[in-house]
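We use all heavy atoms of the structure for the numbers below, so side chains are in, but hydrogens, waters and symmetry mates are not.
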Amino acid sequence: MIYIDTDVLVNFFIVQKKAPHLHPIAQEVMEQVTDRGLFFISTLSLNELGFALAKCGEDRDTITEHLSGLYAFDPVSVAIDHLKRAVQIAYKVSFHHTSDCLHTAIAEQYCDELITFNGSEFNLIRHHTKLKITVLPGK
């Protein structure tokens, strides 16, 4: 399975004014992982996606539609073991990027790879996990 970071989801659903070039990249990644049956997200992803879409100015009905559409992929819930592992990773990166550490911990349990646009965060985290982290070009 391939864990898709929230920033990829955001750029899949909307064209951001400051980075419109990320939308087609996100679309291509989403098409590839869903076609291959490898798409994986968590309830943390859904929570962050809703927040990010609201910050980008999407209306409530559109946000609800996007989130509801992802329910079919059976997002995994965050467990205390994920949080414990995330704290271990976060400690090693001075507790910066704790949400990304939590995404990593979840992905470690279920996936072989995590895909993101967030190179600045995940390039720190990658040194503390065996998970393959793919940073997409464009940011």
* If we ignore angles and hydrogens, is there a donor and acceptor under 3.5 Å between the side chains of Tyr3 and Ser45? ->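 There is such a pair between these side chains.
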What residues form a side-chain contact (heavy atoms from CB on, under 4.5 Å) with [X], not counting sequence neighbours?
X      : answer
Ala86  : Cys101, Leu102, Ala105
Asn123 : Arg126, Val135
Lys92  : His128
Ser94  : His96

Tell me the salt bridge (Lys or Arg N to Asp or Glu O under 4.0 Å) pairs involving [range], sequence neighbours left out?
range          : result
residues 23-38 : none
residues 82-91 : Arg85-Glu108
residues 42-65 : none

Could you work out, with ring-ring contact (aromatic ring centres under 6.0 Å, His included) as the rule, every residue matching [X], not counting sequence neighbours?
X      : value
Phe95  : none
Phe13  : His66
Phe122 : none

- Summary of ring pair (Phe, Tyr, Trp, His ring centres under 6.0 Å) pairs that have at least one residue in residues 18-51, sequence neighbours excluded: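 Output for this query lists Phe39-Phe73, Phe40-Tyr110.
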**Asked** Are the side chain of Thr34 and the backbone of Met30 linked by a donor-acceptor contact shorter than 3.5 Å?
**Response**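 A pair under 3.5 Å: yes.
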Under the rule for side-chain hydrogen bond (donor to acceptor under 3.5 Å, both in side chains), what residues qualify as partners of Asp5, not counting sequence neighbours?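 If we apply the side-chain hydrogen bond (donor to acceptor under 3.5 Å, both in side chains) test to Asp5, skipping adjacent residues, the hits are Thr116, Asn118.
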